[in-house]
Each structure stands twice: as C-alpha cells, then as structure tokens.
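Read through the structure below, which is laid out as structure tokens, and then see the notes.
Quantities reported herein were computed from a predicted structural model and do not represent experimental measurements.
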Amino acid sequence: MTRNLDQVFAALADPTRREILNMLLEDDMAVTDVAEPFTMSLAAISKHLGVLTTAGLISQDKRGRVKWCRLEPDALRSASVWMQSFGQFEPVNLEAFERFLAAELPGAPGSGTQTD
C-alpha cells in the first residue's frame, strides 16, 4: 500500500498531471485531445500519462489507431482514506493561537510589550 500511495502522491505533485485528471473528469479522451491545451510536445504529455497510468490514476487502451485515456476513480481511494485519518484533529484557530501567545509570551507580536 505504501508504494502505491507514494506513486499516487508523486503523480499528483505535478500541476500538468492534475490538470489532465481534471480534464478526464468529463469523459474519456484521446491522447491527442489531452495534449491539445498544453504547450509541450506529445512525447512530454505521453510521459505524464505514463506516470498517471503507473500510479493507477488512469488507464489507457487502444481503439483502432487512437489511444484513449480514462480516469480510474477508485485509484484515489487509498490516498483519500489515508488523508481522512487526519480529520480527527480540529483545525487550528490561528487568531486564538495568536491571542494565547500574546498572553503567555512577553514580547510576542500582539502582546503589547516588547523586550529588546
């Protein structure tokens, strides 16, 4: 599971690959259609698609002469489960934390006292 999770997060780390996934949310697309909005070569797009395929985020199949890409929605399940485990923690209220620091630490920003 760790290896798969590493591959998913590595694939998602690149903005081009995230944009490709967004495009595939709509429908399956031919590789040439995926490449169209980008200002990079078809070979570069193919490398991005390879990373997404290896991570299991998309699948590719050939229909006639055209290679098609399809989003694999279940591939993000393990990453989603892992991230949800952090949902047990309350979000930090930065304003309350700042007030706490100001009260507890003389010279902290917002405390009203400065130590030089």
Going from CE on Met29 to CZ on Arg70, what distance comes out if it is rounded to the nearest 0.5 angstrom? 14.0 Å

Are side-chain heavy atoms of Ile20 and Thr16 found at a separation under 4.5 Å? yes

Val66, Leu24: one ILVMFWY side-chain cluster at the under-4.5 Å cut-off? no

Within the supplied structure, the quantity of interest is the number of heavy atoms (other residues, nucleotides, ligands) at a distance under 6.0 Å from Glu36 CD; does it exceed 12? no

For the atom pair CG (Leu52) and SG (Cys69), what is the distance rounded to the nearest 0.5 Å? 8.5 Å

Under the 3.5 angstrom rule, does the side chain of Arg18 hit a backbone N or O of Leu12 as a donor-acceptor pair? yes

Using 4.0 Å as the upper bound for N to carboxylate O, is an ion pair formed by Lys47 and Asp14? no

Kindly indicate whether the side chain of Phe38, heavy atoms from C-beta on, has any atom under 4.5 Å from the side chain of His48. no

Please tell me if the side chains of Ser46 and Lys67 come closer than 4.5 Å, counting only heavy atoms from C-beta onward. no

Would you say Val51 and Leu25 are hydrophobically clustered, going by side-chain heavy atoms of ILVMFWY under 4.5 Å? no

Heavy atoms only: give me the nearest Glu72-Ser59 pair and the separation to one decimal. OE2-OG, 2.6 Å

Nearest heavy-atom contact between Trp68 and Ala30 is CE3-N, 3.4 Å

If I take atom CG from residue Asp28 and atom CE from residue Met23, how far apart are they, to the nearest 0.5 angstrom? 12.5 Å

Backbone N or O of Leu76 within a donor-acceptor pair of the Ser80 side chain at under 3.5 Å? no

Gap between atom CG of Leu57 and atom CG of Leu49 - 0.5 Å precision: 11.5 Å

Compare every heavy atom of Val8 with every heavy atom of Ala55, then report the nearest pair and how far apart it is. O-CG2, 3.7 Å

